[in-house]
Protein chains: 2
Amino acid sequence: MRLTTKGRYAVTAMLDLALHGSEKPVSLADISGRQDISLSYLEQLFAKLRRNELVKSVRGPGGGYRLSRGSDEIFVAQIIDAVNETVDATGCGGTSDCQQGEVCLTHHLWCDLSEQIHNFLSQISLANLVERREVQNISARQEARSQESRDGDSASQENTLSLAEI
Amino acid sequence: MRLTTKGRYAVTAMLDLALHGSEKPVSLADISGRQDISLSYLEQLFAKLRRNELVKSVRGPGGGYRLSRGSDEIFVAQIIDAVNETVDATGCGGTSDCQQGEVCLTHHLWCDLSEQIHNFLSQISLANLVERREVQNISARQEARSQESRDGDSASQENTLSLAEI
DNA sequence: TTTTTAATTGACTAAATTAGTCGGTTATTC
DNA sequence: GAATAACCGACTAATTTAGTCAATTAAAAA
């Protein structure tokens with residue numbers, strides 16, 4: 001069982017897509033800006049998400065990524081599986097050969113735990129997350145902040161220009 | 001959230017203790033032999049288990065470790081916590097400062113998941129595991145095997161001796 | 001048609017964590 | 001006092017994560 005920033009980033013990015021991708025595709029640069037995830041790292045993650053048919057890509061200007069289907073048809077477990085290979089908690093990866101070809105003493109416990117986690121994450125869709133009040137609040141905060149930083153950027157750019165002009 | 005061999009080894013070793021420690025203390029060498037876990041590594045893990053008051057140690061010949069209380073009062077979650085520091089699934093470790101001092105978009109999801117996992121593992125005691133039929137079967141197999149290897153060892157030792165005598 | 005945008009690919013690197021090893025010390029019993 | 005087994009700390013190798021970097025390709029806009 002490994003749930004690290006890799007899986008968390010992937011779910012966060014997909015949720016960002018669900019929140020902003022209703023009209024036009026969302027570029028990784030936008031997601032990177034809003035969620036503070038490195039652009040190059042997002043590229044890596046989205047390569048896997050695309051291979052797992054969770055997103056569709058649109059190249060060129062105005063391009064980006066879209067969800068491959070409705071946000072109510074994409075579940076957190078699928079996203080983590082796509083980038084993490086597995087959410088299995090066993091050491092053997094389910095092959096039951098943990099101890100010299102036979103199951104180890106705690107094999108069944110980890111199987112039960114894996115099932116528990118998988119059931120939980122399989123029930124939560126991106127649409128479920130979008131509905132949540134906290135998620136909406138955080139998203140609003142992020143949009144305001146990224147708008148600010150855009151304002152700040154162009155202001156500082158104007159400033160650089162005017163300094164160059166002097 | 002990290003559940004790796006470290007936590008799995010700890011639970012397996014504690015279960016071994018629950019299965020074999022009813023009369024006299026169990027040495028780490030015994031556990032190492034039965035469960036195929038490196039003795040030195042077990043020492044590391046048991047240092048933490050002892051600090052967390054899950055086991056008591058007895059030094060000297062015939063010494064080893066015992067559970068610090070009844071196997072029905074020791075839960076899997078406690079064991080993993082002892083060696084793994086945490087089973088938290090959030091990136092911030094629960095401090096809610098995942099994104100520049102504020103909560104990230106998926107913070108609440110990971111909190112819910114952490115709670116789910118913790119609830120599950122908190123309900124399972126070592127006694128529960130000992131009761132299970134599969135655990136009993138596997139334990140019986142391990143005892144037979146470690147008896148064999150003891151026989152095999154002394155046989156091969158005899159063999160070495162007799163070869164040396166020739 | 002050229003430029004720009006943004007996805008796509010692959011190779012490479014740094015940091016962190018895990019899973020140990022090794023050598024020696026201390027307490028206890030026989 | 002010899003053997004046993006816990007205890008301790010420092011060190012190491014392998015793996016994984018979390019990135020970076022450079023170059024290519026496709027599509028739209030100019």
Side-chain angles (χ1 to χ4, degrees), chain A residues 1-13 17 20-21 24-33 35-66 68 80 83-89 91 93 98, chain B residues 1-13 17 20-21 24-33 35-52 54-68 80 83-89 91 93 98:
Chain A
M1 166 83 204
R2 27 187 176 186
L3 179 50
T4 62
T5 56
K6 192 194 271 188
R8 283 194 293 266
Y9 280 174
V11 176
T12 302
L17 213 54
H20 299 97
K24 53 189 179 65
V26 180
S27 74
L28 295 187
D30 285 354
I31 299 179
S32 171
Q35 307 301 336
D36 293 328
I37 305 172
S38 127
L39 177 58
S40 308
Y41 199 42
L42 279 175
E43 287 172 358
Q44 261 186 61
L45 299 179
F46 272 78
K48 294 189 181 191
L49 294 172
R50 194 171 53 91
R51 262 178 250 132
N52 281 266
E53 296 183 351
L54 294 173
V55 296
K56 282 184 291 192
S57 65
V58 181
R59 286 182 159 210
Y65 288 92
R66 293 174 175 286
S68 65
I80 294 176
V83 297
N84 256 20
E85 321 285 22
T86 174
V87 280
D88 195 275
C98 347
Chain B
M1 167 81 205
R2 28 187 174 181
L3 178 51
T4 61
T5 56
K6 192 194 269 188
R8 282 194 294 264
Y9 280 174
V11 175
T12 301
L17 215 53
H20 298 98
K24 53 190 180 63
V26 179
S27 74
L28 295 188
D30 285 354
I31 300 179
S32 171
Q35 307 302 335
D36 293 327
I37 306 172
S38 127
L39 176 59
S40 308
Y41 199 43
L42 279 174
E43 287 176 359
Q44 260 186 62
L45 300 179
F46 273 77
K48 296 191 179 189
L49 294 172
R50 194 170 54 91
R51 262 178 251 134
N52 282 266
L54 293 174
V55 296
K56 283 185 292 194
S57 65
V58 181
R59 286 184 159 209
Y65 288 93
R66 291 175 178 286
L67 297 181
S68 65
I80 294 176
V83 298
N84 255 23
E85 319 286 21
T86 175
V87 280
D88 197 274
C98 350

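Reminder, nothing fancy here: chain letters follow the sequence lines and each chain counts from 1.
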Tested for side chain to side chain contact (heavy atoms under 4.5 Å, CB included) against A/Val83, the lone hit among A/Leu54, A/Leu49, A/Asn52 is A/Leu49

Which of A/Leu28, A/Val26, A/Asp30 passes side chain to side chain contact (heavy atoms under 4.5 Å, CB included) with A/Tyr65? It is A/Leu28

Separation of D/dC7 atom C1' from B/Arg51 atom CZ, nearest Å, is 10 Å

On a heavy-atom basis, the closest approach of B/Ala13 and B/Leu42 is CB-CD2, 4.0 Å

Check your understanding: Would you say B/Lys6 reaches C/dA19's phosphate, i.e. side-chain N/O to OP1/OP2 under 4.0 Å?
Key -> no

Residues A/Leu45 and A/Lys6: closest non-hydrogen pair is CD2-CG, 3.7 Å

In whole angstroms, the gap separating C1' of D/dA5 from CG of B/Leu17 amounts to 14 Å

Rounded to whole Å, the CD1-C1' distance (A/Ile37 to D/dT20) equals 16 Å

Please determine if a side-chain N or O atom of B/Arg50 lies less than 4.0 Å away from the OP1 or OP2 oxygen of D/dC8. yes

Q. OP1 or OP2 of D/dC7 sitting under 4.0 Å from any side-chain N/O of B/Ser57?
A. yes

Closest heavy-atom pair, B/Ser38 versus B/Ser32, reported as atoms and distance to 0.1 Å, is C-OG, 4.2 Å

| message | Mind checking if A/Phe46 touches a base, just sugar-phosphate, or nothing, with heavy atoms under 4.0 Å? | response | nothing

Whole-Å distance, B/Leu28 CG to C/dG20 C1', equals 15 Å

Those residues at least two apart in sequence (or on a different chain) that pass side chain to side chain contact (heavy atoms under 4.5 Å, CB included) with B/Thr5 are B/Arg8, B/Tyr9

Across all chains, not counting sequence neighbours, the side chain to side chain contact (heavy atoms under 4.5 Å, CB included) partners of B/Gln44 are B/Tyr41

By side chain to side chain contact (heavy atoms under 4.5 Å, CB included), A/Glu53 pairs with (sequence neighbours left out) none

Testing C/dG20, C/dA19, C/dA7 for proximity to the side chain of B/Ser38, the answer is C/dG20

Taken to the nearest whole Å, CG/B/Leu42 to P/D/dA5 is 14 Å

Closest heavy-atom pair, A/Arg66 versus A/Leu17, reported as atoms and distance to 0.1 Å, is C-CD2, 4.0 Å

Separation of D/dT16 atom P from A/Leu45 atom CG, nearest Å, is 17 Å

Per-nt protein contacts along nucleotides 22-30 of chain D (heavy atom under 4.0 Å; B base, S backbone sugar-phosphate only, - none) come out as ---BBBB--

Nucleotide N/O of nucleotides 10-15 of chain D paired with protein N/O under 3.5 Å:
none

C/dT17 phosphate, OP1 or OP2, under 4.0 Å from B/Thr4 side-chain N/O: no

Review point. Base, sugar-phosphate alone, or nothing: which one does A/Ser27 contact when heavy atoms must sit under 4.0 Å apart?
Key: sugar-phosphate

When rounded to whole Å, the OH to P distance for the pair A/Tyr41 and C/dT9 reads 18 Å

Of B/Ala47 and A/Tyr9, the one whose nearest nucleotide on DNA chain D sits closer to the 5' end is B/Ala47

Taken to the nearest whole Å, CG/A/Asp30 to C1'/C/dT5 is 12 Å

With a cut-off of 3.5 Å and sequence neighbours excluded, list every side-chain donor-acceptor pair involving residues 55-64 of chain B.
none

Requested in this report: Would you indicate, yes or no, if D/dC7 has its OP1 or OP2 atom less than 4.0 angstrom from a side-chain nitrogen or oxygen of B/Tyr65?
Outcome: yes

